[in-house]
Peer 1: 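Here's a structure for you.
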Amino acid sequence: MRITNKIMQNNTLYNINNNKVMQDELYTQMTTGQKVTKPSDDPVVAIRSLRLRSNLNQVSQYYGKNVPDAENWLELTESSVSTTVDVITEMVGYFQKGSKSSLTTSDRNAILEGLRQGRAEVYATGDADYAGRTIFTGYRTDMKLSFQADMKESYSINEQLSPAALDTFTYVNLEDVKELGAGTYDTSATTSQDIGSFQVRRLRLAYDKLDEGVAPTINVATGYDADGNIEYSTVGTATAVSLNGTTDPYRMVSDPTYAGYDENAFIFVPETGEILLGEKAFESLNALSADSEIMINYTKTEWNKGDLRPEHYFACTDEEGIEYNSEYLTKDGKTEKQSIKYDVGFNQKLEVNTTADEVYIHGVGRTVDEMIRLLENMQEVDKTVAELEKMVGDSSYDQDAVNTKLEAAKKAQTYLSDTLEKRFEHGITEMQGYLDTANLALTTIGNRGMRLDLISNRLSAQEASFTSLSSKNDEADIAELAVKLSSAGLTYDASLAATGKLLKTTLLNYL
């Protein structure tokens with residue numbers, strides 16, 4: 001092949017340009033500090049860079065945002081539950097004190113005040129929120145756990161219970177003992193024979209101050225329909241008997257000598273939220289298997305500040321017809337928890353929320369409320385006894401009538417003191433159960449926090465690793481570039497010099 005001067009010129013210019021291109025690439029890497037500025041520079045490095053950056057961005061999202069958010073949620077939850085545990089623990093102590101038989105009136109008054117304070121505080125922390133989201137209300141983070149003010153709003157509530165909810169307690173028939181005193185001792189017909197103590201069986205509902213106008217129905221689950229909905233059979237409709245009336249609802253189910261006694265009765269006491277059961281009515285429900293379900297349907301319209309909202313606990317319908325938790329009345333409804341989960345790692349989710357039914361159980365307030373009522377009754381009876389004792393020996397009073405009423409009052413005092421002692425003993429077990437439930441929730445939160453710490457540590461290590469790999473993949477070695485750039489410069493200068501000498505010589509020099 002004949003090599004002409006033109007071919008030599010073209011090849012020389014092509015090689016000089018390649019040297020210049022190489023210098024430009026090296027200059028670009030030197031000034032940017034990056035190995036590639038566009039994918040075509042090195043497709044392998046570019047693809048690896050994209051993957052590493054994507055992974056690093058994900059880790060940074062998890063480690064820098066999601067994990068801290070989850071940590072804050074868990075810390076606030078732990079603080080709230082810990083406060084609730086402390087309050088319940090304190091109330092357990094009051095129950096233990098109350099179970100002693102040597103209590104004086106001042107001792108009971110101190111316990112009463114302590115329980116009142118604890119009752120006011122026990123659910124207060126349940127309304128805690130994180131960044132405007134209430135933390136114990138499941139998916140309804142825009143709704144508080146409890147009512148924030150006294151209000152009237154009608155709810156139809158389906159409360160699902162097990163046979164374990166059946167309870168027996170001692171009721172003392174005080175008649176008019178609490179009203180006895182200087183002004184009534186000689187007009188009241190109450191005698192010691194009228195004071196009695198009775199064993200009452202009941203189902204205690206989640207709320208008191210219920211509506212009298214709608215009779216609660218007592219239903220027992222019998223199975224499921226084709227759609228998985230629970231089918232119920234109504235075993236009774238409760239008869240409402242108010243405490244303010246002339247009939248004593250407790251004696252109607254416990255005292256065979258009392259007018260209106262009915263062993264098959266379901267008696268509804270709206271003021272206290274109790275379904276009282278006659279002997280046979282109780283036996284029929286008590287015979288159910290332990291895993292059976294008893295469902296009570298009732299309505300409540302008057303709510304006090306601090307009452308737990310039924311939307312967070314029961315299948316219910318408000319006065320506007322909006323249904324809540326209708327899935328609770330299906331086969332698997334109550335097993336589905338409203339879990340809020342955070343993405344805290346690659347294909348990793350962590351549940352951060354604790355729902356109200358895991359900590360803020362209605363029974364805590366209901367048990368304490370009942371003890372407060374008994375203590376208040378005891379206060380009134382003690383006051384009556386003290387007033388009648390002052391009247392003994394005072395000639396201005398009929399001493400026979402005074403002694404008769406004092407005997408009745410002391411009998412009521414003895415019965416009520418014994419009842420209080422037993423209820424406090426029973427309450428210790430109840431309150432300890434609620435405390436165990438709260439402690440379990442606290443332990444679960446702590447375990448989640450420990451797991452989140454491990455995840456956070458791993459993400460920190462991953463972030464450092466991906467940052468190092470990305471740096472090695474993307475960033476140019478400045479020292480190596482300096483050497484290459486110097487070498488390219490020398491090559492370029494040499495090529496220019498050689499080309500200059502070569503192009504000076506042509507065929508004409510030899511003619």
Side-chain angles (χ1 to χ4, degrees), residues 81-103 107-108 110-123 126 159-172 197-208 250 254 272-277 282 285-286 288-294 296 308 313 356-378 415-444:
V81 175
S82 180
T83 299
T84 303
V85 166
D86 291 342
V87 173
I88 297 177
T89 300
E90 187 176 0
M91 290 197 291
V92 169
Y94 287 124
F95 273 74
Q96 290 171 339
K97 291 178 182 178
S99 65
K100 297 177 181 178
S101 58
S102 58
L103 290 178
D107 292 333
R108 294 194 188 99
I111 293 172
L112 175 59
E113 185 57 31
L115 289 178
R116 282 174 177 164
Q117 295 299 322
R119 175 64 176 85
E121 180 63 26
V122 67
Y123 298 134
E159 184 170 348
Q160 294 163 279
L161 302 168
S162 71
L166 293 165
D167 181 27
T168 301
F169 71 99
T170 301
Y171 165 69
V172 179
S197 177
F198 308 94
Q199 294 298 302
V200 179
R201 296 169 177 83
R202 68 172 176 187
L203 282 168
R204 188 176 64 187
L205 303 177
Y207 299 103
D208 58 7
Y250 297 100
S254 61
T272 61
E274 296 171 300
I275 303 291
L276 308 180
L277 308 172
F282 172 80
L285 295 180
N286 197 43
L288 296 171
S289 61
D291 59 349
S292 297
E293 180 185 302
I294 304 169
I296 314 293
L308 297 173
Y313 294 90
D357 57 356
E358 295 178 76
V359 183
Y360 300 101
I361 304 170
H362 287 80
V364 178
R366 296 288 278 138
T367 298
V368 174
D369 284 342
E370 185 168 75
M371 297 313 304
I372 289 174
R373 281 197 298 271
L374 285 173
L375 286 167
E376 288 174 342
N377 284 341
M378 194 70 206
Y415 277 164
L416 196 54
S417 178
D418 182 63
T419 298
L420 262 174
E421 184 181 336
K422 290 179 180 177
R423 288 308 294 175
F424 269 122
E425 288 176 355
H426 180 74
I428 292 172
T429 303
E430 284 187 297
M431 295 301 292
Q432 190 61 53
Y434 302 141
L435 180 60
D436 291 344
T437 299
N439 275 320
L440 177 61
L442 189 61
T443 302
T444 301

Peer 1: Quick one: does R201's side chain get under 4.5 Å of N286's, heavy atoms only?
Peer 2: no

Peer 1: What pair of heavy atoms forms the shortest contact from L288 to P163, and how long is it?
Peer 2: CB-CG, 3.9 Å

Peer 1: Write down the atom of L308, the atom of Y360, and the distance for their closest heavy-atom approach.
Peer 2: CD1-O, 3.7 Å

Peer 1: Could you give the distance from OH (Y171) to CG (L416), rounded to the nearest 0.5 Å?
Peer 2: 10.5 Å

Peer 1: Going through the distances and angles, do R373 and D208 end up as a side chain to side chain contact (heavy atoms under 4.5 Å, CB included)?
Peer 2: CA-CA 12 Å; R373 281 197 298 271; D208 58 7; 4.2 Å; yes

Peer 1: Nearest 0.5 Å, please: how far is CD1 in I275 from CD1 in I296?
Peer 2: 5.5 Å

Peer 1: Between F169 and L374, is a side chain to side chain contact (heavy atoms under 4.5 Å, CB included) present by the stated rule, with each step listed?
Peer 2: CA-CA 12 Å; F169 71 99; L374 285 173; over 6 Å; no

Peer 1: Looking at side-chain heavy atoms only, is the closest gap between D107 and K97 below 4.5 Å?
Peer 2: no

Peer 1: Once you round to the nearest 0.5 Å, how far does NE2 of H426 lie from CG of D167?
Peer 2: 4.5 Å

Peer 1: If I take atom CG from residue L205 and atom CG from residue L161, how far apart are they, to the nearest 0.5 angstrom?
Peer 2: 7.0 Å

Peer 1: Which heavy atom of F198 sits nearest a heavy atom of S254, and at what distance?
Peer 2: CB-OG, 3.3 Å

Peer 1: Can you list the steps and then say if L203 with L166 is a side chain to side chain contact (heavy atoms under 4.5 Å, CB included)?
Peer 2: CA-CA 5 Å; L203 282 168; L166 293 165; 3.6 Å; yes

Peer 1: So, applying side-chain contact (heavy atoms from CB on, under 4.5 Å) with L435, which one of T84, L440, T89 is it?
Peer 2: T89

Peer 1: Between D369 and R119, does any side-chain N to carboxylate O distance fall below 4.0 Å?
Peer 2: yes

Peer 1: Side chains of L115 and F95, heavy atoms from C-beta outward: is any pair under 4.5 Å?
Peer 2: yes

Peer 1: Check whether any side-chain heavy atom of V368 sits under 4.5 Å from a side-chain heavy atom of M431, and report yes or no.
Peer 2: yes

Peer 1: Specify the closest pair of heavy atoms between A206 and E159, including all atoms of both residues, with the distance to one decimal.
Peer 2: N-OE1, 3.0 Å

Peer 1: Between E293 and S162, do the side chains contain an N or O donor and an N or O acceptor separated by less than 3.5 Å?
Peer 2: no

Peer 1: Output, in order, the C-alpha distance, side-chain angles, deciding distance and verdict of side chain to side chain contact (heavy atoms under 4.5 Å, CB included) for M91 and V122.
Peer 2: CA-CA 10 Å; M91 290 197 291; V122 67; 4.2 Å; yes

Peer 1: Under a 4.5 Å cut-off applied to non-hydrogen side-chain atoms, are M371 and I111 in contact?
Peer 2: no

Peer 1: State the CZ-CG distance between R108 and L375, to the nearest 0.5 angstrom.
Peer 2: 8.0 Å

Peer 1: Are any of the side-chain nitrogens in R202 or E370 under 4.0 Å away from the carboxylate oxygens of its partner?
Peer 2: yes

Peer 1: Compare all side-chain heavy atoms of R423 with those of T170 and state whether any distance is below 4.5 angstrom.
Peer 2: no

Peer 1: Any non-hydrogen side-chain atom of Y123 less than 4.5 Å from a side-chain atom of V364?
Peer 2: yes

Peer 1: Taking all heavy atoms of L442 and all of S82, pick out the closest pair and write down the distance.
Peer 2: CD1-N, 4.0 Å

Peer 1: Hey, are the side chains of T367 and R204 touching, using non-hydrogen atoms and a 4.5 Å cut-off?
Peer 2: yes

Peer 1: Please find the pair of heavy atoms, one from G98 and one from F424, that lie closest to each other, and give the distance.
Peer 2: O-CD1, 3.2 Å

Peer 1: Does a salt bridge link R366 with E430, judged by any charged N lying under 4.0 Å from a carboxylate O?
Peer 2: no

Peer 1: Roughly how far, to the nearest 0.5 Å, is OG1 of T444 from CG of N439?
Peer 2: 10.5 Å

